[in-house]
Amino acid sequence: PYRIGLGDSLNITVWEHPELTIPAGVSTGPIAGTSILTNSVMSSGAGANGRLVRDDGTLFYPYIGVIPAAGLTLEELRATIASKLSAVTKNPQVDVSVSSYGSQRITVQGAFVSTAPLPITVTPLSLAQAVGAAGINSVLADLSNLVLTREGRQYHLNLDAISQTPNGADNIWLKAGDQIFLPFNDHKEVYVMGEVNKPGPINYKITHLSLTEVLGK
C-alpha cells in the first residue's frame with residue numbers, strides 16, 4: 001500500500017462539515033441538504049491547495065493540531081483524524097486522498113526518450129509501465145542489460161528476453177527509490193568489411209545478432 005511521504009499534498013474531507021474540509025475550509029457551519037454537495041465540489045477541485053506534509057513528516061489540522069503523517073497509509077491517517085475529531089463532532093465521516101505526489105520517485109537514466117523522474121502513486125508501478133512512460137530510444141539502447149538498482153543492489157535484466165515471456169516486465173513491481181538505467185549500445189558493435197554496400201561497424205541492441213541479420217543490415 002502507498003505510504004504518505006514528505007512533500008505529498010493531501011485532500012481531507014469531512015462529510016457534512018465543510019468547515020473541517022481541507023482544502024477550502026469555511027467559517028460557517030453545515031447547512032442541511034447542501035453540505036455533502038459542497039464537500040464534493042471542494043474535494044474534487046482541490047489540486048495543489050491540499051494540506052502539505054511538512055519536512056518533519058507532520059501536517060496541521062484544525063481542532064486537532066499537529067499530526068504525524070509520513071509513513072502512514074491513507075487508511076491509517078483517515079482513522080487517526082476520525083478518532084481525534086470524534087472529540088469535537090459526533091461520528092465524523094472522513095476521507096483522505098492524495099492531490100499531488102512529491103515524496104516518492106523512480107529515477108530513470110540512460111537510453112530513454114525521457115529521463116524525468118516517475119512518481120510512485122497509490123497505483124502500483126511495474127517495470128513495463130515505467131519503461132513505456134520513459135520511452136526507449138530504439139536506435140541507441142542496449143535492451144540486453146537494463147540495470148535496476150534497489151537498496152544498493154543491482155539487478156541486470158534482459159528486456160529483450162523478458163518481453164518474450166508471458167506478462168514479462170508487468171510482473172516486476174517498482175518501489176520508491178528504485179533506479180533504472182538503460183545502457184547505450186555504443187560498445188556493442190559488429191564490424192563488416194569487404195564487398196558490401198556499407199562497410200563499417202553495426203550497433204546492435206539485443207543479446208546476439210546472427211550473420212544473416214548483419215548482412216541484411
**Student:** Quick check: closest heavy atoms across V108 and A134, and the distance to 0.1 Å?
**Tutor:** CG1-CB, 3.8 Å

**Student:** Can you hop from L174 to I162 via hydrophobic side chains spaced under 4.5 Å?
**Tutor:**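 Linked, L174 and I162 end up in one cluster.
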
**Student:** With rounding to the nearest 0.5 Å, note down the distance linking CG in L146 to OH in Y155.
**Tutor:** 14.0 Å

**Student:** Please identify each residue that fulfils side chain to side chain contact (heavy atoms under 4.5 Å, CB included) with T212, with sequence neighbours left out.
**Tutor:** S210

**Student:** Without placing hydrogens or testing angles, list every side-chain donor-acceptor pair under 3.5 Å for residues 79-90, not counting sequence neighbours.
**Tutor:**
unit_1, atom_1, unit_2, atom_2, d
T80, OG1, E76, O, 3.0
S86, OG, S83, O, 2.4
T89, OG1, H17, NE2, 3.1

**Student:** Can you measure from OG (S9) to CG (L59) and round to the nearest 0.5 angstrom?
**Tutor:**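 Between S9 OG and L59 CG, I get 10.0 Å after rounding to 0.5 Å.
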
**Student:** In the structure I gave you, are the side-chain heavy atoms of P199 and V192 within less than 4.5 Å of one another anywhere?
**Tutor:** no

**Student:** To check you understand the geometry: which heavy-atom pair defines the closest contact between I4 and V53, and what is its length?
**Tutor:** CG2-CG2, 3.7 Å

**Student:** Going by the ring pair (Phe, Tyr, Trp, His ring centres under 6.0 Å) test, which pairs reach into residues 66-115, not counting sequence neighbours?
**Tutor:**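 Matches after skipping sequence neighbours: Y2-Y101.
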
**Student:** So, using salt bridge (charged side-chain N to carboxylate O under 4.0 Å, His left out) as the criterion, who are the partners of R78 when residues are at least two apart?
**Tutor:**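 Only E75 meet the salt bridge (charged side-chain N to carboxylate O under 4.0 Å, His left out) criterion with R78.
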
**Student:** Under the side chain to side chain contact (heavy atoms under 4.5 Å, CB included) rule, what do L157 and I172 come out as? Steps first, then yes or no, please.
**Tutor:** CA-CA 11 Å; L157 306 174; I172 301 175; 4.2 Å; yes

**Student:** If the condition is side chain to side chain contact (heavy atoms under 4.5 Å, CB included), which residues does V113 pass it with, not counting sequence neighbours?
**Tutor:** none

**Student:** Could you go through residues 116-133 and list every donor-acceptor pair under 3.5 Å that involves a side-chain atom there, pairing it with any protein atom two or more places apart or in another chain?
**Tutor:**
unit_1, atom_1, unit_2, atom_2, d
T121, OG1, T123, N, 3.2
T121, OG1, T123, O, 3.4
S126, OG, Q129, N, 3.2
S126, OG, Q129, OE1, 3.4
Q129, OE1, S126, N, 2.9

**Student:** Quick test of your reading: applying salt bridge (Lys or Arg N to Asp or Glu O under 4.0 Å), list the pairs with at least one residue in residues 54-67, sequence neighbours left out, ordered by first then second residue.
**Tutor:**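 Listed once each, the pairs would be none.
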
**Student:** Side chains of L77 and L10, heavy atoms from C-beta outward: is any pair under 4.5 Å?
**Tutor:** yes

**Student:** If we ignore hydrogens and angles and just use 3.5 Å, is the side chain of R3 paired with the main-chain N or O of A70 as donor and acceptor?
**Tutor:**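 It does not hold such a pair.
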
**Student:** Considering only heavy atoms from C-beta outward, does the side chain of V94 approach that of I12 to under 4.5 Å?
**Tutor:**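 Yes; the side chains approach each other to less than 4.5 Å.
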
**Student:** If you look only at pairs with a residue in residues 173-182, which of them pass as a salt bridge (Lys or Arg N to Asp or Glu O under 4.0 Å), with sequence neighbours excluded?
**Tutor:** R150-D178, E151-K175

**Student:** Determine whether L148 and W173 fall in the same hydrophobic cluster, where Ile, Leu, Val, Met, Phe, Trp and Tyr are linked whenever their side-chain heavy atoms lie under 4.5 Å apart.
**Tutor:**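 No.
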
**Student:** Nearest 0.5 angstrom please: S99 OG to N11 CG, how far?
**Tutor:** 4.5 Å

**Student:** For the residue pair V98 and L74, establish whether any side-chain heavy-atom pair is separated by less than 4.5 Å.
**Tutor:** yes

**Student:** With ILVMFWY side chains joined below 4.5 Å, transitively, what does L215's cluster contain besides itself?
**Tutor:** L211

**Student:** Assess, by modelled atom type and distance only, whether the side chains of S144 and D160 contain a donor and an acceptor separated by less than 3.5 Å.
**Tutor:**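 Note: S144 and D160 side chains miss the donor-acceptor criterion.
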
**Student:** Report the distance from atom OG1 of T58 to atom CG of L6, rounding to the nearest 0.5 Å.
**Tutor:**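 Here the interatomic distance stands at 9.5 Å.
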
**Student:** Looking only at heavy atoms, what is the nearest atom pair of P183 and A111, with distance?
**Tutor:** O-CB, 3.9 Å

**Student:** Within the structure provided, determine whether L159 and I136 are in side-chain contact (heavy-atom separation under 4.5 Å).
**Tutor:** yes

**Student:** Using the ring pair (Phe, Tyr, Trp, His ring centres under 6.0 Å) rule, collect all pairs that involve residues 115-150, keeping only residues at least two apart or in two chains.
**Tutor:** none

**Student:** Quick one: list whatever passes salt bridge (charged side-chain N to carboxylate O under 4.0 Å, His left out) with E195, sequence neighbours left out.
**Tutor:** none

**Student:** Verify, without hydrogens or angle tests, whether Q93 (side chain) and N91 (backbone) share a donor-acceptor contact under 3.5 angstrom.
**Tutor:**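 Yes.
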
**Student:** Roughly how far, to the nearest 0.5 Å, is the CD atom of Q109 from the OG1 atom of T149?
**Tutor:** 9.0 Å

**Student:** Would you give the length of the straight line joining atom CD of Q104 to atom CD1 of I106, rounded to the nearest 0.5 angstrom?
**Tutor:** 9.0 Å

**Student:** Is a side-chain donor or acceptor of D8 paired with a backbone partner of G102 at a separation under 3.5 angstrom?
**Tutor:** yes

**Student:** Of all residues at least two apart in sequence or in a different chain, which pass the side chain to side chain contact (heavy atoms under 4.5 Å, CB included) check with L52?
**Tutor:**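 With sequence neighbours excluded, L52 shows a side chain to side chain contact (heavy atoms under 4.5 Å, CB included) to no residue whatsoever.
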
